[in-house]
Amino acid sequence: MAPDTDLPTTEDPAETGDLALRWSGQISLTRRILAVNIFVLLLIAGGFFYLDSYRSRILDGRVAQALREARLIGDAITAGGNRRRDEMVARLAEEMGVRIRLYRADGALTADSRSLGIRNFVLADPDKDASGQGVARFLDATIDTVVGAPRAPLYRERRDGAAWPDAKAAREGKIIAATVWRAPDRTPVITAASPIGDDGVVLTTVNARDITQTVRVERFRLGVVLLVVTLVSVLLSLFLARTIVRPLRRLARAAVRVRLGRAREVVVPRLPDRRDEIGSLARALSDMSLALRARIDATEAFAADVTHELKNPLASLRSAVDGLGRVTDPELQARLLAIVHDDVHRLDRLITDISEASRLDAQLSRATFERIDVAALLEGLLGQRDQRGVERGIRLRFDRSAGGPCMVLGEGARLERVFENVLDNALSFSPDGGLITVAVTRESRELVVRVEDEGPGVPEEAREDVFLRFQSIRPATEAFGQHSGLGLAIARTIVEGHQGRITVESREDRLAGSRFVIRLPLARDRPIED
């Protein structure tokens, strides 16, 4: 079987789009701007094609006029007879501005307005013209070649009337005929012939220089306009490329330096004077680089803090293990084993908290938030604490003064961890038999959770430090190493990941103790469905 060649070929649109994208990506932005503007200029240059059709229409009109004149001249000569033929030929040639020749049936010339003294048909010698005409003729030839204009035959004088194609057609076909010729200076020459008398022919000839001059003037005007528009377009393109490409190159170089690990040395230009999209991009990249620099500094500080915090229990553990090999007293061995157990427990808690703190930002960025009733969450959390029993006789009270549901958008497990850490902090500082109050209120568009205790409070100068990693100001009665110093830092990270704030302040009743205030944006009410 012959292969089926009529099956349509399909092309993947995605591959076509990728090809176009790769093609455009290989050309600089400056060249693309110039290419687009030059393409528009080429459309304007298409006006030269219109001028060619404009010339053709004028020439067609002049040919029709030459045919009418040839017929009228023929009728006038026929009506006048042979007695006044030469006088009529001279007068008609002078009035109509054409050269008139009469031929007999055998092609012999019987009358010529030129020999009668009417020299209104003179061809210009291109070799004797001014240089400007030579340039004009060269441009005419170039433009005619570009636009594909038809090339008329070169005009040459003929002594025999039968050598003129339009005269031959008029004599043999008894019709009016015309031919367009090309003079040596590229101007059109129009000949028209009409039958007269007994197989005679009248032939008119005119050099229509005005058509060429009109087209040249229009081409010159269009060329000047095109030249000016091209110059302005190129300058505007370069200006546009300068205002776009140069700042983009500066931003690209700064981004490359940031990528190469030199963020501390790079100052990304903010372009404050620009209020357009490039200015917004510059400021966004600058803010991003500053955030990256802050994140790098925080990572380095966190790594240094982790190393410091891990060295303390490791040093204690090493001392205890070394002592076990030298001590034989059972009581001392038991004390050393207790130290080993506490250090191992502390290391385990440190590693767990460090692992959670290091992954917290990434987990929050991928978390799916849902509507959470914070009041119900706190009520359940405090109820579980009461069921398990609170150490040292500390009492827990829940004050829900906000009416209606207290809905926020967030991740329930993370928000529960925030309240657990804040409660643990309050429990560790509360005196025996103290009272911890948890209150939930709605203020404007925020949900506010306040946790108050009756402990010693937080000094004003240390109210920001308590949220730093590994910053732990513990009660004197608490055993060393029971807390990692990451609880409040984790709580602040989670709250800020929910677009909220957490602060510590003094109690409004001026009693001893501290108050932790957590503010979260309220979730918008769902629209009522019909």
Side-chain angles (χ1 to χ4, degrees), residues 52-82 84-124 144 149-215:
D52 182 69
S53 63
Y54 171 68
R55 178 181 60 180
S56 298
R57 289 195 299 270
I58 295 178
L59 194 58
D60 291 341
R62 294 297 294 274
V63 169
Q65 178 183 348
L67 290 172
R68 290 193 299 268
E69 290 177 350
R71 185 184 61 188
L72 292 175
I73 292 172
D75 293 343
I77 292 175
T78 301
N82 292 330
R84 301 179 56 190
R85 185 190 63 183
D86 292 345
E87 179 183 355
M88 187 172 293
V89 167
R91 182 162 55 86
L92 290 174
E94 185 176 4
E95 291 179 356
M96 293 186 176
V98 297
R99 181 181 180 181
I100 300 175
R101 281 173 281 194
L102 301 181
Y103 293 97
R104 292 198 304 261
D106 57 0
L109 179 66
T110 59
D112 187 355
S113 62
R114 184 171 184 177
S115 62
L116 297 174
I118 308 301
R119 305 179 63 86
N120 54 5
F121 176 76
V122 179
L123 296 179
D144 290 343
R151 186 182 179 89
L154 183 65
Y155 177 83
R156 296 182 183 278
E157 288 291 345
R158 294 164 172 81
R159 299 182 61 86
D160 188 0
W164 296 99
D166 38 4
K168 182 179 180 181
R171 186 182 66 253
E172 294 178 355
K174 301 298 181 180
I175 60 174
I176 305 173
T179 303
V180 179
W181 308 85
R182 174 173 52 89
D185 61 348
R186 300 193 62 83
T187 57
V189 176
I190 302 173
T191 59
S194 177
I196 58 172
D198 297 333
D199 295 333
V201 173
V202 58
L203 179 69
T204 63
T205 308
V206 62
N207 187 195
R209 288 194 182 92
D210 58 317
I211 296 177
T212 301
Q213 294 299 327
T214 301
V215 174

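One is the number of the first residue; the rest follow in order along the sequence.
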Between Thr212 and Thr187, which heavy-atom pair has the shortest distance, and what is it? OG1-CA, 3.6 Å
Are the side chain of Asp166 and the backbone N or O of Ala193 linked by a donor-acceptor pair below 3.5 Å? no
Regarding Thr191 and Trp164, is there a side-chain donor-to-acceptor distance under 3.5 Å anywhere? no
May I ask you to check whether Thr204 and Arg99 show a side-chain donor-acceptor distance below 3.5 Å? no
Considering all heavy atoms, the nearest Tyr103-Arg159 contact: CE2-O, 3.8 Å
Which atom pairs, donor and acceptor, lie under 3.5 Å between side-chain atoms of residues 172-180 and protein residues at least two apart or in another chain?
residue	atom	partner	partner atom	Å
Lys174	NZ	Asp199	OD1	2.7

CD1 (Ile118) and CD (Glu94) are apart, to the nearest 0.5 Å, by 4.5 Å
Set of salt bridge (Lys or Arg N to Asp or Glu O under 4.0 Å) partners for Arg114, sequence neighbours left out: none
Under 3.5 Å: donor-acceptor pair, side chain of Asn207, backbone of Pro188: yes
Separation between CD1 (Ile211) and CG (Leu59), nearest 0.5 Å, reads 5.0 Å
Pairing of Arg104 and Asp106 as salt bridge, 4.0 angstrom limit: yes
Can you find a pair of side-chain heavy atoms, one from Val189 and one from Leu123, that are under 4.5 Å apart? yes
Euclidean distance, Leu203 CG relative to Ser194 OG, rounded to 0.5 Å: 10.5 Å
Given side-chain contact (heavy atoms from CB on, under 4.5 Å), test Val89 with Leu102 step by step and report yes or no. CA-CA 9 Å; Val89 167; Leu102 301 181; 3.9 Å; yes
Please list, one pair per line, the donor and acceptor atoms closer than 3.5 Å that link side chains of residues 66-78 to other protein atoms, with sequence neighbours excluded.
residue	atom	partner	partner atom	Å
Glu69	OE2	Gln65	NE2	3.1
Thr78	OG1	Gly74	O	2.8

For residues Tyr155 and Thr205, report the shortest heavy-atom separation together with the two atoms involved. OH-CG2, 3.9 Å
Would you please name every residue forming a salt bridge (Lys or Arg N to Asp or Glu O under 4.0 Å) with Arg171, sequence neighbours left out? none
Let me confirm one number: the CZ-CG distance from Arg85 to Leu116, rounded to the nearest 0.5 Å. 9.0 Å
Hey, what do you get for CZ (Arg101) to OG (Ser115), rounding to the nearest 0.5 Å? 10.0 Å
Between the CG atom in Leu154 and the CZ atom in Arg186, the distance rounded to the nearest 0.5 Å is 10.5 Å
Going by salt bridge (Lys or Arg N to Asp or Glu O under 4.0 Å), name the residues that satisfy it together with Asp86, two or more places apart in sequence or in a different chain. none
Any residue meeting salt bridge (Lys or Arg N to Asp or Glu O under 4.0 Å) with Arg209, in chain and number order, not counting sequence neighbours: Asp185
If you draw a 6.0 Å radius around CZ in Arg182, do more than 12 non-hydrogen atoms from other residues or ligands fall strictly inside? yes
So, the side chain of Asn120 versus the backbone of Ala93: is there a donor-acceptor pair under 3.5 Å, distance only? yes
Give me the atom names and distance for the closest heavy-atom approach of Ile190 to Ala208. CD1-CB, 4.5 Å
Side chains of Val201 and Lys168: does their closest heavy-atom pair fall under 4.5 Å? no
